[in-house]
Student: 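If you scroll down you'll find the structure; I have some questions about it.
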Number of protein chains: 2
Amino acid sequence: MPPTKGGAVGRDDRSVTGKLFMLLSAFRSGRAELTLSEIAHRSGLAMTTVHRLVGELTERGVLERGSDRRYRVGLALFEIAALAPRGPGLREVALPYMEDLYEFTRENVQLGVRADDEVVFVERLAGRASVGVRTRIGGRFPMPPTGVGLVLLAHAPPEVRQRVLAAPLHRFTSRTLTDPERVRRVLADVRRDGFAVSDRQVTSDALSVAAPVFDGSGAVVAALSVVLRFGSVRPSSLAPAVRMAARGISRALTSAPDSIGETVAG
Amino acid sequence: MPPTKGGAVGRDDRSVTGKLFMLLSAFRSGRAELTLSEIAHRSGLAMTTVHRLVGELTERGVLERGSDRRYRVGLALFEIAALAPRGPGLREVALPYMEDLYEFTRENVQLGVRADDEVVFVERLAGRASVGVRTRIGGRFPMPPTGVGLVLLAHAPPEVRQRVLAAPLHRFTSRTLTDPERVRRVLADVRRDGFAVSDRQVTSDALSVAAPVFDGSGAVVAALSVVLRFGSVRPSSLAPAVRMAARGISRALTSAPDSIGETVAG
DNA sequence: ATTCCGTTTCCGTTGAACGGAAAACCCGGT
DNA sequence: ACCGGGTTTTCCGTTCAACGGAAACGGAAT
């Protein structure tokens with residue numbers, strides 16, 4: 001079997017597993033509460049099929065039905081997902097260090113891992129005073145324009161870097177790097193310096209400083225970043241703090257029971 | 001159909017949905033990383049069936065396979081679960097207030113909701129100095145002995161209270177209340193006072209102070225608590241702070257877009 | 001070399017899943 | 001109150017995905 005094409009939903013809608021996945025994925029884009037027919041429409045499944053599956057999922061608490069009779073993702077899914085080593089598992093050991101960093105900087109502190117060719121944000125601490133960010137926990141984002149993404153991409157397997165840089169790079173602001181060669185040079189710097197800076201590449205008022213998190217085997221399994229308003233401080237002055245916090249997480253991971261390490265490629 | 005029996009897994013293992021649910025639930029008890037045959041054994045499904053389903057789930061990222069070839073819960077599940085209004089959704093709006101409470105007390109701050117007849121913990125902030133707790137994010141716990149549980153139970157529908165108090169109450173410590181009538185009186189106090197105190201009922205060195213979180217319609221949708229070492233402070237002196245933080249969350253919920261409210265029964 | 005345990009492939013059988021059709025329901029409009 | 005659009009739910013005959021026993025495969029330990 002060829003490796004799954006990065007992030008794309010398989011067109012295999014024949015198996016029930018596939019259908020369930022499509023069904024649940026309907027909640028990804030847009031609103032968190034959907035009617036039955038909205039689910040059917042977004043998932044591309046037949047009404048009766050959705051009706052049946054949704055009924056069963058609701059019985060099990062994977063979906064819940066509110067007083068408005070709309071469906072939403074239920075707690076049962078949350079309970080199972082809480083066991084994901086690269087999700088909540090990672091978050092668990094990282095949180096104290098993220099708090100330290102947060103209290104030191106009073107800015108958004110983010111933790112992300114790589115999934116396919118994108119970043120998935122696993123945790124974010126944000127005070128009321130922090131600059132607004134476009135990211136959401138559990139949400140995906142392209143790697144090149146973000147701080148965590150740059151770190152993850154810099155340490156990703158070559159074929160991932162290849163794919164990402166071969167695809168057109170989405171421009172978010174006038175400063176977003178869209179030339180693969182420029183990005184490649186930035187990635188080399190990231191590897192050399194041990195941290196990454198993304199300067200107003202996602203929004204024109206924010207920039208982030210990120211550092212790699214290693215597991216016991218020395219592989220980069222996550223990245224930690226601070227997002228701050230442009231102009232508030234010199235980015236590189238924050239690098240030591242971010243690196244130190246990331247190092248703390250790495251150390252904690254080394255002694256953690258469950259491996260967080262890289263997934264074996266498809 | 002009668003309301004789903006509290007927390008029990010449906011005996012309906014005929015549908016694929018049910019099998020998938022059982023399969024994933026195998027990760028609940030014990031280790032986070034399982035071999036194929038462990039999954040088969042714990043889920044009670046046939047090897048070949050598990051093999052097929054696990055293969056498909058892995059392709060989709062719902063499960064991941066580590067370098068040790070063991071399976072673990074993957075990020076795809078985390079991504080979808082992140083959309084649960086009563087899980088991460090609730091957490092999102094609650095976090096700033098929880099942080100305030102944490103900085104004020106420097107102790108474990110917990111947020112929980114009711115699922116069936118138990119508490120599910122949705123978030124926990126714990127500093128390195130905080131007293132150890134038996135709870136885990138995404139984990140379940142009986143309601144009566146915990147602070148958040150008492151609050152949730154006190155404001156739960158009568159039939160839930162009935163069921164919970166009819167069942168034998170698990171004794172954790174010598175101080176755990178096991179007499180339904182005593183608990184009933186405590187619950188009345190909780191409703192009257194607007195907060196609950198659980199004094200060394202789970203572990204003999206910790207106690208917790210909890211307060212209810214309301215949604216826009218005035219229903220109790222969650223509970224917030226602080227867990228502290230016994231003897232460090234007088235419990236009731238913390239009540240105002242906990243109540244205030246809970247009130248802050250309630251206010252924020254009222255203006256939140258997605259309803260967190262109670263699930264429609266059955 | 002042999003055993004043991006976990007994993008994977010093969011394949012004939014069968015019932016769960018499917019989805020069209022139609023009924024029931026829910027609301028807002030008139 | 002009645003109608004009309006949308007949504008939800010039930011019904012049921014067809015079919016193909018799911019199933020699982022059996023057997024082959026892999027690799028680590030003895």
Side-chain angles (χ1 to χ4, degrees), chain A residues 1-4 9-27 30-60 62-72 74 259 263-266, chain B residues 1-2 9-27 30-60 62-72 74 259 263-266:
Chain A
M1 181 197 319
T4 316
V9 177
R11 62 238 48 80
D12 182 6
D13 58 343
R14 306 282 276 270
S15 73
V16 178
T17 309
K19 287 182 207 222
L20 283 172
F21 191 71
M22 289 176 172
L23 195 160
L24 290 173
S25 297
F27 288 89
R31 254 189 345 293
E33 304 191 301
L34 301 175
T35 74
L36 191 63
S37 26
E38 280 174 321
I39 298 174
H41 182 249
R42 293 187 186 213
S43 64
L45 301 171
M47 269 294 306
T48 52
T49 300
V50 172
H51 180 256
R52 178 167 23 87
L53 294 179
V54 158
E56 214 170 342
L57 290 175
T58 305
E59 240 178 79
R60 295 220 159 64
V62 173
L63 293 182
E64 290 174 4
R65 196 162 198 186
S67 41
D68 56 356
R69 312 213 89 206
R70 281 164 198 268
Y71 293 96
R72 34 183 137 109
S259 77
T263 298
V264 137
Chain B
M1 180 199 319
V9 177
R11 62 241 49 82
D12 182 4
D13 59 342
R14 307 280 276 270
S15 71
V16 178
T17 308
K19 286 180 208 223
L20 283 172
F21 191 70
M22 288 176 170
L23 195 161
L24 291 174
S25 297
F27 288 88
R31 255 189 344 294
E33 303 192 298
L34 301 175
T35 75
L36 190 63
S37 27
E38 279 175 321
I39 297 175
H41 182 251
R42 294 186 186 216
S43 63
L45 301 172
M47 269 296 305
T48 51
T49 301
V50 171
H51 180 256
R52 179 167 23 86
L53 293 179
V54 157
E56 214 169 340
L57 290 175
T58 305
E59 239 177 80
R60 296 219 159 65
V62 174
L63 293 182
E64 290 173 3
R65 198 162 197 186
S67 40
D68 56 357
R69 309 214 90 205
R70 280 165 199 266
Y71 293 96
R72 33 182 137 111
S259 78
T263 298
V264 137

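Note on naming: letters A, B, ... go to the chains in the order of the sequence lines (proteins, then strands), and numbering restarts at 1 for each one. Being a predicted model, the structure only gives us computed values, none of them experimental. Note that these values count all heavy atoms, side chains included, but never hydrogens, waters or copies made by symmetry.
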Student: I need the CG-P distance between L36(A) and dT10(D), as an integer number of Å.
Tutor: 11 Å
Student: Quick check for you: among dT8(D), dC18(C), dT7(C), whose closest atom lies nearest to any side-chain atom of S37(B)?
Tutor: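 Side chain of S37(B) sits closest to dT7(C).
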Student: Where is the tightest heavy-atom contact between F27(A) and Y71(A), given as atom of each residue plus distance?
Tutor: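 Here F27(A) and Y71(A) meet closest at CE2-O, 3.3 Å.
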Student: How close or far is atom P of dG6(D) from atom CD of E38(A), stated in whole angstroms?
Tutor: 14 Å
Student: Could I get a table of every N or O pair under 3.5 Å where one atom is in the protein and the other is in nucleotides 22-30 of chain D?
Tutor:
none

Student: Examine dA17(D): is either OP1 or OP2 under 4.0 Å from a nitrogen or oxygen in the side chain of K19(A)? Give yes or no.
Tutor: no
Student: Would you mind reading off the distance between M22(A) atom CE and dC18(C) atom P, rounded to a whole angstrom?
Tutor: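 Value for this atom pair: 12 Å.
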Student: For the pair E56(B) and R52(B), find out whether any cationic side-chain nitrogen is under 4.0 Å from an anionic carboxylate oxygen.
Tutor: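 No, E56(B) and R52(B) are not salt-bridged.
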Student: For H51(A) and dC25(C), what is the distance between atoms NE2 and P respectively, to the nearest whole Å?
Tutor: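 That distance rounds to 13 Å.
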Student: For the residue pair V50(A) and A40(A), what are the closest heavy atoms and their distance?
Tutor: CG2-CA, 3.7 Å
Student: For V16(A) and for M47(A), locate the closest nucleotide of DNA chain D by heavy-atom distance; then report the residue assigned to the nucleotide nearer the 5' terminus.
Tutor: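 Comparing both residues, the 5'-ward one is M47(A).
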Student: Nearest whole Å is fine: how far is dA16(C) C1' from L20(A) CG?
Tutor: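 Those two atoms, CG and C1', are 13 Å apart.
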Student: Work out which heavy atom in L23(B) is nearest to a heavy atom in S43(B); give both atom names and the distance.
Tutor: CA-CB, 3.9 Å
Student: Specify the closest pair of heavy atoms between R42(A) and R31(A), including all atoms of both residues, with the distance to one decimal.
Tutor: NH2-NH1, 4.1 Å
Student: Can you check the L23(A) CG to dC18(C) P distance for me, whole Å?
Tutor: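 After rounding, the gap between these two atoms is 11 Å.
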Student: So which nucleotide from dT10(D), dC18(C), dT7(C) ends up closest to the side chain of R69(B)?
Tutor: dT7(C)
Student: Heavy atoms from C-beta onward define the side chain here; which of dC18(C), dT10(D), dT7(C) lies closest to that of R52(A)?
Tutor: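 Nucleotide nearest to R52(A)'s side chain: dC18(C).
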Student: Would you mind telling me which of L57(B), V62(B), L20(B) makes a side chain to side chain contact (heavy atoms under 4.5 Å, CB included) with F21(A)?
Tutor: V62(B)
Student: Could you give the CD-to-P distance, from E56(B) to dA17(D), as a whole number of Å?
Tutor: 11 Å
Student: Rounded to the nearest angstrom, tell me the gap between atom CG in L53(B) and atom P in dA18(D).
Tutor: 8 Å
Student: Search all heavy atoms of R70(B) against all heavy atoms of T35(B) and return the closest pair with its distance.
Tutor: NH1-CG2, 3.8 Å
